[in-house]
Amino acid sequence: MTAKLMDGKKVAQTIREDVKRRVDQLAASGVKPGLAVILVGDDPASRTYVNSKKRTCEKLGMRSDLIEYPETVTESELLSAVHRLNGDPGIHGILVQLPLPRQIDETAIINAIRPEKDVDGFHPINAGRLLTGGEGFIPCTPNGIMKLLEFYGIGVEGKNAVVIGRSNIVGKPAGLLLLRKNATVTFCHSRTENLQEITRQADIIIAAAGRPGMLRGDDIKEGAVVIDVGINRKPDGKLTGDAAFDELEPKASFITPVPGGVGPMTIAMLMANTVRSAENSLLKDKQAETM
Ligand code: NAD
């Protein structure tokens with residue numbers, strides 16, 4: 001068997017087309033979706049991500065504000081920025097690029113974002129809604145993974161899904177989304193014993209550990225679906241995932257490449273969340289007018 005490549009660029013394009021159509025519809029009502037990104041410090045990887053988000057926003061006709069602070073910023077300065085953006089009616093999504101420097105309590109900053117503008121889906125209210133099955137913003141990377149599975153017609157119900165990684169940003173929400181779709185989910189992490197025994201049972205594996213090439217050919221069963229979330233930089237500067245792609249491709253039924261798999265989906269889902277936030281706020285304004 002040779003795995004079918006899951007083309008994140010192609011699927012992300014279909015999502016961006018839908019976002020563009022909705023941006024145009026909102027424009028007819030005088031609304032331009034706005035995303036504000038707070039960037040602290042000079043980390044080159046963070047800057048690359050932020051620039052890419054900004055470019056995508058602009059291409060889709062959305063407003064994009066980049067608010068930059070030096071590494072020495074204080075927590076109260078960041079909190080003031082978040083409060084100002086919370087109150088700005090032209091901003092529908094607020095994103096704080098992580099990680100933040102040590103002197104800042106990341107949780108305090110995320111908790112200060114109004115849940116209706118938390119397009120990253122990291123606020124505890126949105127995380128709680130995901131856990132309990134309510135409507136909220138879903139973190140972009142796991143949401144993008146689910147869209148990829150859907151696009152390629154990969155059924156999840158009743159399947160054995162193994163998630164490697166338990167972060168609040170990727171692993172946990174990915175497992176919860178799979179559970180929502182009735183998969184049988186196993187979370188694995190750095191303290192998991194006999195990881196290989198577990199991954200060999202998996203129909204679907206989400207590799208999100210940030211360990212280059214950790215998932216090897218012998219670690220999966222024939223026909224498994226492999227979603228590689230990892231983004232790791234090799235000494236030559238090129239990107240590589242958590243999966244040893246060359247070993248897995250002949251054995252898996254579907255596999256995502258790195259780059260070009262999950263990565264493009266993350267930004268597309270961010271755009272989708274921002275446009276949804278703008279639609280929600282328009283609806284609220286209309287409802288308020290009729291009251
Ligand atoms: P993280 O460091 O917060 O979490 C890593 C998780 O992996 C932890 O839960 C840890 O327990 C687990 N882990 C680490 N080593 C392990 C091992 N040897 N065996 C089993 N589990 C192990 O990272 P994160 O933010 O969840 O990101 C994970 C990876 O996904 C990183 O490479 C990151 O760059 C990438 N990422 C990609 C996208 C994208 O858009 N493609 C988005 C977010 C993160």
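Each ligand, and each atom within it, is numbered from 1 in the order the structure gives. All figures in this text were calculated on a predicted structure; none of them were measured in a lab.
The closest approach between any non-hydrogen atom of V262 and ligand 1 is below 4.0 Å. Ligand 1 has G263 within reach: a non-hydrogen atom of the residue lies less than 4.0 Å from it.
Taking the charged nitrogens against the carboxylate oxygens, D88 and R63 do have a contact shorter than 4.0 Å, which makes a salt bridge.
Given atom 26 (O) of ligand 1, the protein heavy atom at minimum distance is S167 OG, 2.5 Å. From the protein, the heavy atom lying nearest to atom 44 (C) of ligand 1 is V170 CG2, 3.8 Å. S190 N, 3.5 Å is the protein heavy atom nearest to atom 22 (C) of ligand 1. Ranking protein heavy atoms by distance to atom 28 (C) of ligand 1, first place goes to A208 O, 3.5 Å. A209 O, 3.7 Å is the protein heavy atom nearest to atom 5 (C) of ligand 1. Protein heavy atom nearest atom 40 (O) of ligand 1, with residue, atom name and distance: T266 OG1, 2.7 Å. Here the heavy atom of the protein found nearest to atom 29 (C) of ligand 1 is G210 N, 3.7 Å. For atom 21 (N) of ligand 1, the closest heavy atom belonging to the protein is H189 C, 3.1 Å.
For ligand 1, the polar-atom distance check against D242 finds no nitrogen or oxygen pair separated by under 3.5 Å.
Ligand 1 places these atoms under 4.0 Å from at least one heavy atom of I164: 20 (C), 21 (N). Residue contact check: G165 has heavy atoms under 4.0 Å from atoms 6 (C), 7 (O), 9 (O), 12 (C) of ligand 1.
Residue contacts with ligand 1, taken as heavy atom pairs separated by less than 4.0 Å, do not involve T192 at all. Contact annotation: for I231 versus ligand 1, heavy atoms closer than 4.0 Å belong to both the backbone and the side chain. Under 4.0 angstrom from ligand 1, the non-hydrogen atoms of V229 come from both its backbone and its side chain. Only the side chain of R211 comes within 4.0 Å of ligand 1, judged by heavy-atom distances. Contacts between M265 and ligand 1, counted as non-hydrogen atom pairs separated by less than 4.0 Å, are absent for every part of the residue.
Results of the side chain to side chain contact (heavy atoms under 4.5 Å, CB included) test with I220 over L248, V225, I255 single out L248 as the only residue that passes.
Nearest heavy atoms, C188 versus I198: SG-CG2, 3.8 Å. The two residues P264 and A12 have their closest heavy-atom pair at O-CB, 3.6 Å. Here the closest non-hydrogen pair linking V19 and M62 is CG1-SD, 4.2 Å. When all heavy atoms of P259 and L239 are compared, the closest pair comes out as CD-O, 4.3 Å.
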Review point. side-chain hydrogen bond (donor to acceptor under 3.5 Å, both in side chains) between E77 and S80: does it pass, once the steps are laid out?
Key: CA-CA 5 Å; E77 280 175 298; S80 309; over 6 Å; no
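For atom 19 (N) of ligand 1, the nearest protein heavy atom lies under 4.0 Å away.
A donor-acceptor contact under 3.5 angstrom links the side chains of D219 and Q196, judged on distance only. For the residue pair Q13 and E17, a side-chain donor N or O sits within less than 3.5 Å of a side-chain acceptor on the partner. Of the N and O atoms on the side chains of N126 and D118, at least one donor lies less than 3.5 Å from an acceptor on the other residue.
In this structure, V226 and F254 have side chains that are not in contact, with every pair of non-hydrogen atoms separated by 4.5 Å or more.
The heavy atom nearest to atom 17 (C) of ligand 1, considering only R166, K172, M269, M214, is found in M214.
Once rounded to the nearest 0.5 Å, the distance linking CZ of F245 with CG of D228 reads 9.0 Å.
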